[in-house]
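Every value quoted in this text rests on a predicted model; they were computed, and no experiment measured them.
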Amino acid sequence: MSTGTIRNQRVMASLVASLTLAGLVGCGGSSGGQAKPTATPSVAPTVGPTPIPPRAGAGVESEIQSVDIAADPAGQIAVTFSLTDGAGVPIQPVTASTTSDQQGRVRFTIAHVEDYSGGGEFGGEFDRYVNDLDATRPRYDTNGTLETVDAGAGIHRYVFSAHLPEGADLSRTYSVGMQVDRTFEAVQLSANPVFDLVPAGGTPVIRAGSVTAACNTCHDPLRLHGNRREFRLCTLCHTQAATDSQGTPVNFSVMVHKILVPVD
């Protein structure tokens, strides 16, 4: 073999070795010739703007949906209620006076029915309401807590700060009254739902006495103490034992039936 031929073979061998090494490095070297996968960039999801809830319009509608009187903590009273405008758009409940037409002030009281010996001209047994917050000076609960149950449906929960006394008879009828006040376009609106229950189970005894419609035949409409309009709400505070600041009885049956009207 000639010297030129040997030189050409050496050049070719060197060239092949260089190309082989370059191929190994390009394919990942010791990874068995497998190419590394190309990372796919992640795409963040598009977040749209938070929808703005509709503004409440005219009207106010409220319903007490349930009342729970707990054994633990003893005597705790919780009220689940709805609050919307006339078209079902939620209104925010607050416990203090408000100037916002998107809010409604809510207040709650509770009374129970018990038997007593009426005596007097009738001399029989009667039912009467006794206000559980203050028997002689009935009032609304104060410093209770509000929480939202379902914002979209306008469902909320109010927990009384006051509890029923230890040993309270839960076989009696308890009635929770609620006052809602809302001003919309300079018009004062009100709702006064009442919910009756027997915590131990049974059918509630409802002391109606009259109905709001009967009052409205003269008052057109009945509206007292600012914005209270429903007869049954009145009966939960104008109870048998209730008095005013001078100690004068303000029992509703007396106020309705025995107030003398001057005759010209």
Side-chain angles (χ1 to χ4, degrees), residues 63-81 106-144 157-179 192-215 222 224-225 228-259:
E63 178 186 5
I64 297 176
Q65 299 184 334
S66 66
V67 174
D68 297 310
I69 297 179
D72 184 21
Q76 184 185 68
I77 309 158
V79 183
T80 301
F81 65 96
V106 297
R107 289 177 280 180
F108 299 84
T109 192
I110 183 170
H112 69 268
V113 177
E114 64 181 38
D115 297 328
Y116 80 110
S117 178
E121 58 186 307
F122 298 107
E125 291 289 325
F126 296 89
D127 291 330
R128 67 172 181 173
Y129 278 118
V130 177
N131 188 277
D132 289 288
L133 303 181
D134 192 323
T136 57
R137 298 297 303 280
R139 58 181 176 83
Y140 285 124
D141 186 62
T142 55
N143 302 318
R157 187 170 183 260
Y158 178 84
V159 179
F160 280 64
S161 64
H163 288 206
L164 296 184
E166 185 177 354
D169 186 353
L170 299 185
S171 66
R172 291 170 168 161
T173 294
Y174 285 81
S175 299
V176 172
M178 175 182 177
Q179 179 176 344
N192 300 154
V194 176
F195 187 92
D196 308 287
L197 75 155
V198 179
T203 303
V205 174
I206 299 174
R207 290 195 72 251
S210 186
V211 293
T212 304
C215 300
L222 177 69
L224 298 166
H225 299 299
R228 299 171 199 174
R229 307 187 186 211
E230 291 296 330
F231 183 91
R232 285 213 62 211
L233 178 66
C234 301
T235 64
L236 302 184
C237 285
H238 286 275
T239 59
Q240 188 70 29
T243 63
D244 63 15
S245 58
Q246 282 73 46
T248 304
V250 290
N251 178 9
F252 211 43
S253 61
V254 173
M255 296 186 69
V256 170
H257 296 294
K258 294 188 176 181
I259 294 177

From CZ (F81) to CD (Q65), nearest 0.5 Å: 9.5 Å

Shortest non-hydrogen separation from P199 to I69 and the atoms involved: CG-CD1, 3.7 Å

For the residue pair E63 and P193, establish whether any side-chain heavy-atom pair is separated by less than 4.5 Å. no

Expected output: side-chain D196 to main-chain T173 donor-acceptor under 3.5 Å: no

Nearest 0.5 angstrom please: I206 CD1 to S175 OG, how far? 7.0 Å

Pairing residues for D169 by the salt bridge (charged side-chain N to carboxylate O under 4.0 Å, His left out) criterion, not counting sequence neighbours: R172

Identify, with sequence neighbours excluded, every residue that meets side-chain contact (heavy atoms from CB on, under 4.5 Å) alongside T248. D244, Q246

Which side-chain N or O atoms in residues 160-167 pair as donor and acceptor under 3.5 Å with protein atoms at least two apart or in another chain?
residue : atom : partner : partner atom : Å
S161    : OG   : D141    : OD1          : 3.3
S161    : OG   : T142    : O            : 2.4
H163    : ND1  : A74     : O            : 3.0

Residue pair T239 / P138: nearest heavy atoms and the distance that separates them: OG1-CG, 4.0 Å

Those residues at least two apart in sequence (or on a different chain) that pass side-chain contact (heavy atoms from CB on, under 4.5 Å) with T109 are N131, L133, Y140, L236, C237

Pairwise side-chain contact, I77 with Y174, heavy-atom cut-off 4.5 Å (strictly under): no

Sidechain-backbone polar pair: R137 side chain, A242 backbone, donor-acceptor under 3.5 Å: no

Heavy-atom closest pair (H238 atom, N251 atom, distance to 0.1 Å) is O-OD1, 3.7 Å

Among all residues two or more places apart in sequence or in another chain, which pass the ring-ring contact (aromatic ring centres under 6.0 Å, His included) test with F195? none

Parallel, tilted or perpendicular: ring planes of Y158 versus F108, cut at 30 and 60 degrees: parallel

Spacing of R232 atom CZ and N192 atom CG [to the nearest 0.5 Å]: 11.5 Å

For G177 versus V194, what's the shortest heavy-atom pair and its separation? CA-CG2, 4.2 Å

